[in-house]
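Below is one structure, written out as structure tokens; the observations come after it.
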Protein chains: 2
Amino acid sequence: MEKNRRAPTLSDVARTANVSTATVSRCLNSPDRVVEKTRKRVMEVVELLGYTPNFAARVMAANRSFTIGAIIPTMDNAIFARGLQAFQDQLRDQGYTLLVSSSAYKPDVEEEQIRALVARGADGLLLIGHERRSEIYDYLKQHQVPTLVAWSHLPEADLPSIGFDNRSSMASLARKVIQEGHSEIAMISGVLTGNDRATRRKNGVEDALREHGLEANHINIVETPYGIEHGEAAFRELMSRATRPTAVLCGNDVLAVGALRAAQALGLRVPEDVSITGFDDIELAEIVNPALTTVHVPHREMGRKAASELIEMVEGKSEGRTICIDTYIVRRQSLAPPR
Amino acid sequence: MEKNRRAPTLSDVARTANVSTATVSRCLNSPDRVVEKTRKRVMEVVELLGYTPNFAARVMAANRSFTIGAIIPTMDNAIFARGLQAFQDQLRDQGYTLLVSSSAYKPDVEEEQIRALVARGADGLLLIGHERRSEIYDYLKQHQVPTLVAWSHLPEADLPSIGFDNRSSMASLARKVIQEGHSEIAMISGVLTGNDRATRRKNGVEDALREHGLEANHINIVETPYGIEHGEAAFRELMSRATRPTAVLCGNDVLAVGALRAAQALGLRVPEDVSITGFDDIELAEIVNPALTTVHVPHREMGRKAASELIEMVEGKSEGRTICIDTYIVRRQSLAPPR
DNA sequence: ACACGCAATGTAAGCGCTTGCATTTTGAAT
DNA sequence: ATTCAAAATGCAAGCGCTTACATTGCGTGT
């Protein structure tokens, strides 16, 4: 192999093939605008030289990158993994590349990443949830970067979103728990600040309680970061309080699994002594013992739809629609009537 | 807010601040090369206009992007999540941005992604495992993109790697299983083609068998993609064969969890009727019931070290060292002596 | 008061590509 | 043969930034 010769450029190819750079460019980008014979020759040279276009240059000249950026709160658990994989697959099918980064649930990191992705020429952006400083929306508008929100459905929000109704989904689940006979209900919620999904799930629980004439205003709740260990701690905390709940609704499956483990460690049987529910229906939910009753979120469908919609926006075919995806409750062993 | 005015550029800032573009550029990139008073004025204008540098332009001009690319086989399970998160955190600390994409275990997709990332001006690349076509190594060399391999340790390989010895780690685990008294040992392996980690784990099992005078040449093995459902199917397959194993070593925790579920579905008790082991020690391993005996891989440490090493390479301070990280066996309930 | 040297700033040449417009080539119709 | 669209190709101007080099301004020593 040749020792580090500088990477070939468009004009290297042009020179070798005896055509202009314009022709080479066209061969690559709109092959039908150049005659068969020329194209063949050019492509041979491209192959021969091992030429790959320089993206930065292309982005700069064409103001188009065929790249979509996504910023998720974390890669460290499975909540977003499946949906994002579907999102990426769909993008690939349509000729786009996905770049992902994660914000660790920190708003300032997220802003930084948004800027980084936009500056890198992302044609469109996928964000999770609606809650962020308005400056960043202005920024997005100024740079005219189509942006779509996922994992959340909020028709009245600034940005279009493809997601599900966190509030009513959680409310249905809570209703089911109440119908089961529970009245001492507690909740382990994710951190509410800056997280509209967590907030609306909490609201959903309150809605259901209120409907059934239960005290909804100071619901027995612990707020904690997502993470199995935090779920454990939160559960212990709840159990040490004055009135012991007979059912614990968790903000997501990860917290629920933590709660489950804590319950078992405390010698409580689930669901006999206490019922526990999750949200998301990630793989984990089915694997733990007892398996979790939870809200199933069609992550793959959401990812796919988000991809098609965002591409339409990028290509100017849509202003951005807001779509609500249906969830449903998956009944498993972790929920039963109270003793 | 102003309606979509074109995003401000360097020269807009320069004009407004009454300096040259060079000065603005210096304010941003080497603030000490410009006098306090000027800098202040420029920064005010930057703020005022809401200017953000265009990365494509910067990359093109400076041939430097402070971006690192990583390509992992999948985001759809937790194997790489933790290590990657640590990798990203460390990069951020040192002023770099991480861009991730996933190849779905497909070599051609991976190549495409490598090119995409390089073309986007990645200063360095993190790849998983060593097995790929040599053309792509030439490409990397030609473009002079420092590349580091993780999750695998192979001193003799072309590329430096920060990882662990898949072979000897698996061998230790297999030895432990044998010492426990098992002699009918089967394996559920990940797909071997193009996956050096899977291959070396299999070799590790063979090593241990051979050491103990057991038949190692046609070990009782099923090869299947990673995935809980595949682990289940593989386990059933193994159990339908002529000689039933008393211990099943799985290529990773995900497969092991699948095996566990299949065992339970078949009415087999683990570990009394059959022992099952995993590899990786992801969160899942501790959560299932019985918890998995597995090989603990220090993902975070690996991610961190990979980040520092790769940055050193990018900054020309290192040629790329190969580091082996120690793993250890975590003994949990899924392993016991055969009846 | 003057020259000198260094620090601060400006000038302008690219980086590798796309694309509007100008020019040449082609081939069908006359 | 000749003509003339239409098709194919070439020309060259940017895209927004960095940076080598040139220029200017300033404090200092005499």
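The sequence lines fix the lettering, A, B, ..., with proteins before strands; numbering per chain opens at 1.
- B/L28 places its CG atom 11 Å from the C1' atom of D/dC17, with the value rounded to the nearest Å.
- Counting non-hydrogen atoms under 4.0 angstrom, A/S25 reaches a base of the nucleic acid.
- Looking at heavy atoms from C-beta onward, A/D123 lies out of side-chain contact with A/T67 at the 4.5 angstrom threshold.
- Within the 4.5 Å cutoff, the side chain of A/V19 has heavy atoms near those of the A/V42 side chain.
- Contact between the side-chain N/O atoms of A/T9 and the OP1/OP2 oxygens of C/dC15 is not found at any separation under 4.0 Å.
- In this structure, A/W151 and A/F80 have perpendicular ring planes: the angle between them is above 60°, well past the 30° mark.
- At the heavy-atom level, A/N29 lies under 4.0 Å from the strands shown only through sugar-phosphate atoms.
- Between A/K40 atom NZ and D/dT9 atom C1' there is a gap of 19 Å when expressed in whole angstrom units.
- One can place CZ of B/R33 at 13 Å from P of D/dC21, the figure rounded to the nearest angstrom.
- Contact check, B/S20 against C/dG10: a side-chain N or O comes under 4.0 Å of OP1 or OP2.
- Put simply, the side chain of A/R92 reaches to within 4.5 Å of the side chain of B/V109, judged on heavy atoms.
- Taking for each of B/A56 and A/T23 the nucleotide of DNA chain D with the nearest heavy atom, the 5'-most of the two is the partner of A/T23.
- Residue A/V34 is the one, among A/A62 and A/V34, whose nearest nucleotide of DNA chain D lies closer to the 5' end (criterion: closest heavy atom).
- Rounding to whole angstrom units, CG of residue B/N63 and P of C/dA13 are separated by 21 Å.
- Looking only at side-chain heavy atoms (C-beta outward), B/E309 and B/K305 stay at 4.5 Å or farther from each other.
- Of the candidates C/dT9, C/dC17, D/dC17, the closest approach to any side-chain atom of B/R26 belongs to C/dT9.
- For B/V35, taking side-chain heavy atoms from C-beta onward, the closest of the listed nucleotides D/dA8, C/dC17, C/dA8 is C/dA8.
- In this structure, the CD atom of B/E36 is 18 Å from the P atom of C/dA7, given to the nearest Å.
- The side chain of B/A61 lies closest to D/dG16 when the candidates are D/dG14, D/dG16, D/dA8.
- Here the P atom of nucleotide D/dG16 and the CG atom of B/L49 are 14 Å apart, to the nearest Å.
- Look at B/S11 and you won't find any side-chain N or O under 4.0 angstrom from OP1 or OP2 of D/dG16.
- We find that CE of B/M60 is positioned 13 Å from C1' of C/dA13, with the value rounded to whole Å.
- Among C/dC17, C/dA8, D/dA12, the nucleotide with an atom closest to any side-chain atom of A/Y51 is C/dC17.
- Here A/R132 pairs with A/E110 in a salt bridge; the nearest charged N to carboxylate O distance falls below 4.0 Å.
- Residue contacts shown for A/R64 are absent, as no nucleic acid heavy atom lies under 4.0 Å away.
- Distance CZ (B/R58) to P (D/dC15): 19 Å, rounded to an integer number of Å.
- Backbone-only engagement by A/V19 is indicated by non-hydrogen atom pairs under 4.0 Å involving sugar-phosphate atoms exclusively.
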